[in-house]
Amino acid sequence: MKEMLQETSIAWNSYFGSDADARRLTWTPLVCYVLLYGHFALAAMGWVAWWTLCCSAPLLMVRWLLATHELMHLRGARAVDLITRLMPMLLTPLSLGYREFLDIHRGHHRFMATPQDPEYFQLRGGKLQGLLNAMTAPEQAFLRWLARKGVDAELVLGALLRCALFGLLILLSGWKFLWYWIPLRAAFGASYFAFFYALHRRGDEYGVYRVTLPAWGARLFALLFGREALLATTYHDIHHAHPLVSAVHLPEVAHARDLPQASLPVK
């Protein structure tokens, strides 16, 4: 009997994200930073047109968001590198870092779709209100963090550095900064609306729901953002039930039974 339980545990553990997954998910956001700000630098030097950022910024934003989300289920704030901890995806002069967003995400999983959920402000009201809240989520997250947690040295240093980098981009580009900021902000808001409101609301009901895309839509989503991102979105109910399961295994777990619950990392 003991051997059977050990074999079952090993089988279930094989669904969990691995160290190799964590390394890949760490590198993906770093590559997104290099590609996005490398593209910005090329535009600032006049080597490419500013409007071309409308093509790269949305794709890189969504890939960065989804990879960072998956990484948060594998690595705590003290287990990531300094760049990942800083989270310099520059959307606003008021932005949080990995440590703060990880805490918010843990609260979302613990108190999902209830007033105690730190993301609850995105779920309230109608679709238009949900979209507006998604578009302003970075600033709201920052201000709500200050109201809930206050400030410490790490937050002050990180926020000041992100604010300075944001200002540097404006200094280097002037009004052309909008070619970077508008598509990036639109992609962020649309992603947050899809990942929160669309997956946690059904009419007046709050919860977590699975979505089904038409075959062409699923293929396009996977092509643009990756199969892992597709599965984390379409099997979001299973993700909330078993947050340590790798996104690539969510369809298998959806058809399984008695998978032990597991929580997010604490280190």
Between [X] and [Y], what is the shortest heavy-atom contact and its length?
X	Y	result
Tyr15	Val253	CG-CG2, 4.0 Å
Thr68	Pro29	OG1-CG, 3.7 Å
Met61	Leu91	CE-CD1, 3.7 Å
Ala194	Leu199	O-CG, 3.2 Å
Cys32	Trp64	SG-N, 3.9 Å
Pro118	Arg148	CB-NH2, 4.3 Å

Would [X] and [Y] count as a close aromatic pair, with their ring centres under 6.0 Å?
X	Y	result
His239	His109	yes
His39	Tyr180	no
Tyr120	Tyr206	yes
His69	His108	no
Phe40	Tyr33	no

To the nearest 0.5 angstrom, please state how far the [atom1] atom of [X] sits from the [atom2] atom of [Y].
X	Y	atom1	atom2	value
Tyr37	Leu90	OH	CG	3.5 Å
Thr233	Leu250	OG1	CG	10.0 Å
Leu30	Leu25	CG	CG	11.0 Å
Leu171	Leu165	CG	CG	12.0 Å
Phe16	His249	CZ	NE2	10.5 Å
His200	Phe195	NE2	CZ	7.5 Å

State, yes or no, whether a side-chain contact exists between [X] and [Y] at a heavy-atom distance under 4.5 Å.
X	Y	result
Glu119	Met112	no
Arg99	Leu155	yes
Leu143	Gln140	no
His105	His73	yes
Glu228	Ser246	yes
Met135	Phe193	no
Tyr197	Gln122	no
Leu213	Arg219	no

In the single-linkage hydrophobic clustering (I, L, V, M, F, W, Y; side-chain heavy atoms under 4.5 Å), do [X] and [Y] co-cluster?
X	Y	result
Leu65	Trp27	yes
Leu223	Val62	no
Leu169	Met89	yes
Ile182	Trp179	yes
Leu36	Met45	no

Are more than 12 heavy atoms from other residues, nucleotides or ligands located less than 6.0 Å from atom CZ of Arg110? no
Decide if atom CG of Leu172 counts as having more than 12 heavy atoms of other residues, nucleotides or ligands within a radius under 6.0 Å. yes
Residues Glu154 and Arg85 bridged, charged N to O under 4.0 Å: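 Looking at Glu154 and Arg85, the cut-off is met.
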Looking at Arg24 and Asp21, does any basic side-chain N land under 4.0 Å from a carboxylate oxygen?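 Yes, charged N to carboxylate O under 4.0 Å.
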Looking at Trp145, I'd like to know if the NZ or CZ of Lys149 sits under 6.0 Å from its six-membered ring centre while staying within 45 degrees of the ring's axis. yes
Are any side-chain N or O atoms of [X] and backbone N or O atoms of [Y], one a donor and one an acceptor, separated by less than 3.5 Å?
X	Y	result
Arg202	Ala198	yes
Glu100	Gly97	yes
Arg201	Gly125	yes

side-chain contact (heavy atoms from CB on, under 4.5 Å) for Met87 and Val80? Distances and angles first, verdict last. CA-CA 11 Å; Met87 285 184 68; Val80 298; over 6 Å; no
Thr52/Leu42 under side-chain contact (heavy atoms from CB on, under 4.5 Å): CA gap, chis, key distance, verdict: CA-CA 10 Å; Thr52 59; Leu42 291 176; over 6 Å; no
After noting the C-alpha distance and the side-chain angles of Leu146 and Val151, does the key distance pass the side-chain contact (heavy atoms from CB on, under 4.5 Å) rule? CA-CA 6 Å; Leu146 295 183; Val151 299; 3.3 Å; yes
Ring pair (Phe, Tyr, Trp, His ring centres under 6.0 Å) for Phe177 and Phe166? Distances and angles first, verdict last. CA-CA 10 Å; Phe177 176 79; Phe166 186 83; 5.3 Å; yes
Before giving the answer on side-chain contact (heavy atoms from CB on, under 4.5 Å), spell out for Leu123 and Phe196 the whole-Å C-alpha distance, their side-chain angles and the decisive distance to 0.1 Å. CA-CA 7 Å; Leu123 309 182; Phe196 288 103; 4.0 Å; yes
